[in-house]
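Read through the structure below, which is laid out as structure tokens, and then see the notes.
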Amino acid sequence: MANSELKLAWRNIWRNKRRTLITVASIYFGVILSTLMTSMQNGTYSKMIDNVVSFYSGYVQIHHPDYWETKSIDDLFVPTDSLMEIVSGNKDVDMIIPRMESFALMSYGNNTKGGMLIGVDPPKENELTRLGHWVSKGKYLEPDDDGILMAVNLAKALNVQIGDTIALISQGYHGYSASGLFPLKGILEFPFPAMNNFGTYITLNKAREFFSALEMVTSLVLTVDDYDDVYPVKHHLEGSLGDNYSVMTWDEMDPVTKQMIEGDKGQGIIMKGILYILIGFGVFSTVIMMIAERRKELGVMVAVGMNKLKLAKVLFYETMLIGMVGVIAGFAMSVPLVWGLVNSPIPLTGEVAEVYEQFGMEPAIYFGNDPMVFWGQLLIVFAITLLVSIYPLSKILRLQVTKALRS
Amino acid sequence: MNVIEVKNLSKIYNDSEVKVHAVQGIDLAIQEGEFTAIVGPSGCGKTTFLNMLGGLDQPTEGSIRVGETMVNDLKSSELIDFRLHNIGFVFQAYNLIPVLTAKENVEFIMQLQGKSKEERDKRAISLLTEVGLGDRVDARPSRLSGGQQQRVAVARALASKPKFVLADEPTANLDSTSTETLLDIMERLNREENITFIFSTHDARVVNKARRVIQLEDGKIIKDERKA
Ligand SMILES: Nc1ncnc2c1ncn2[C@@H]1O[C@H](COP(=O)(O)OP(=O)(O)O)[C@@H](O)[C@H]1O
Ligand SMILES: [Mg+2]
């Protein structure tokens, strides 16, 4: 009986081909639109996250428990063998990049400026942040380099040229005074205007010497293989490292980006909500008409002995089938579409492109193909159909056969 | 043997302001194999009476026994099952399922009864052949004339092997030739297979075919005569 109910439902939905096609088309376009929107959001978010992560923070960082609050040169830690073993033992951790960073005064001639001094492992740092890529003049640091890289605005303010020697003064570890001379090796021009004002880079070893903090770091920056591994990695490390270290994820370190994404997601939900409410009403009115115009027929079916629940099942299938046809058609179109857009993002031009560049993003609309991009639509349409099919169900259960027959 | 026994049956409609006494204290017994017409002018209570006989409507008063079953004691969910296994229905017009072919319409009832595919197939074809539509089994109702549709409806009514067939004005929408054909088929089924038919009509030509004529007026039986 089950498949004959399905057969009946299938034939019923095509009785008014035009109306069903219009309803199916509304679901079809809704699914495509909503899929593209979700895909675009996902693509943009992961690009934004990638940016934050690859420009600076990595996905996860390990610090001294007080460091994030104090940012003090006294809150350092030694990446001991046992610590490194635990971290590299987590199979989801990809790279471990050490840094030593603090504030320093930089002088050249009569000019003095404050800025961030960051000690890095040049090849590793380059792998994460592509630091070498932003060298606009001079050269990137060698692993045992004595030189310094400086952000372009800072270099301009100090009026230094490649090869000039810059004097740095700061406070070292546990009250030591820190001072040193560094020849300017390269000038950095970042796509973020803010970053062009204060960043300077020397090798990690030079920084340790400078701050009198041998073997120490301010942070270990970790990358993970997959974005989904971020929280599991954090939890694993927190569990095994205990209270002696703090483990922070990119969004804890950069709540602004996180909030931007959340806010945008919220807007997206509202827009998709409106879209699907419109579609839902379309399906609903079709279902209302489908029942109203065959009241007598439904009455006959119950009169000759068809159980109301069985009949309700037929009507439920009808609503469901309209939804399914729309979703499947929408899928068939949006899967290749999204796939194509993921592989070739839509390039942006003009002012919009400039805004993107200011935020350090390549000027293009990115798309994501996370499975939820597609499954989400299926679930939503399924939920709408379920909701709409309450109507025929209640109509059937309240159907009065004799009245229906007289109509 | 009596297939149906009706005692003191009444129906009062009181959903509107004025109460309508559609059926008033009918007593009646129908025997197996009878070919009965319920006649009377429009509004005399034919449909109301047949609906109660068929378990489609609840009487206000009185009782209906079909075989061993007191129909008026059944709950509405039991009534659906009762109708499926005991009564064949033919309605005035457009009572086939439009998306099913003639054969599928006939099979529909047997499918509800849970009959096997082979049995359904065989019986549907033999019933459609009996009503003279052996060559139209795969036609949808919209491809059949009104008379042919009513013949399919008769085949469907018989498919469940019911105790009797109720037909409420089955010829009201038919031209005289189709009316004649349909009545001839019903009569032959009655004669050759002893099928009990109860049909309502206000068409004199149809009345002439009946072997028992029950006349209603204002919800009461005013005449009940059997022809030889
Ligand atoms: N659902 C109803 N509510 C109120 N009055 C009804 C209803 N159905 C039928 N009637 C009334 O009951 C009487 C008998 O109707 P009906 O059984 O349809 O007669 P017939 O089939 O002989 O034309 C009529 O007066 C009709 O108006
Ligand atoms: Mg009537």
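Residue numbers start from 1 in every chain, and the chains themselves are labelled A, B, ... in the order their sequence lines are given, proteins ahead of strands. These numbers come from the heavy atoms of this one structure, side chains and all, not from hydrogens, waters or symmetry mates.
In this structure the side chain of A:R11 reaches within 4.5 angstrom of the side chain of B:L100, judged on heavy atoms. A heavy-atom distance below 4.5 Å is found between the side chains of A:L8 and B:I97. At a threshold of 4.5 Å between non-hydrogen side-chain atoms, the residues B:I80 and A:M306 do not count as touching. Side-chain contact check for A:V302 versus B:R83: some heavy-atom pair is nearer than 4.5 Å.
Atom-to-atom distance recorded for B:L56:CG and A:K403:NZ is 14.5 Å, nearest 0.5 angstrom. How far OG1 of A:T402 is from CG of B:N51: 6.0 Å, rounded to the nearest 0.5 Å. Put simply, OG1 on B:T47 and CG on A:L405 are 9.5 Å apart, with the number rounded to the nearest 0.5 Å.
Heavy atoms of other residues, nucleotides or ligands lying less than 6.0 angstrom from CZ of A:F382 number 12 at most. Within 6.0 Å of the NZ atom in B:K115, the count of heavy atoms belonging to other residues, nucleotides or ligands exceeds 12. By the neighbour-count criterion of 12 heavy atoms within 6.0 Å, atom NE2 of B:H202 is sparsely surrounded, having that number or fewer from other residues, nucleotides or ligands. More than 12 heavy atoms of other shown residues, nucleotides or ligands fall within 6.0 angstrom of atom NZ in B:K163. Within 6.0 Å of CH2 on A:W14 lie more than 12 heavy atoms contributed by other residues, nucleotides or ligands. Within 6.0 Å of atom CZ in A:F281, 12 or fewer heavy atoms from other residues, nucleotides or ligands are found, so the atom counts as exposed in its surroundings. Counting heavy atoms of neighbouring residues, nucleotides and ligands inside a 6.0 Å radius, atom NZ of B:K117 exceeds 12 of them. More than 12 heavy-atom neighbours from other residues, nucleotides or ligands sit within 6.0 angstrom of CE on B:M70.
Among all heavy-atom pairs drawn from B:F89 and A:A303, the shortest one is CE1-O, 3.4 Å. The heavy-atom pair separating A:R15 from B:P98 by the smallest distance is NH2-CG, 3.3 Å.
For B:S76, no part lies under 4.5 angstrom from a heavy atom of chain A. With a threshold of 4.5 angstrom between heavy atoms, B:E104 approaches chain A through side-chain atoms but not through N, CA, C or O. In this structure, chain B has a heavy atom under 4.5 Å from the side chain of A:R406, while its backbone stays farther away.
Near-neighbour residues of residues 27-50 of chain A relative to chain B, defined by a heavy atom under 4.5 Å from a heavy atom of that chain, are none.
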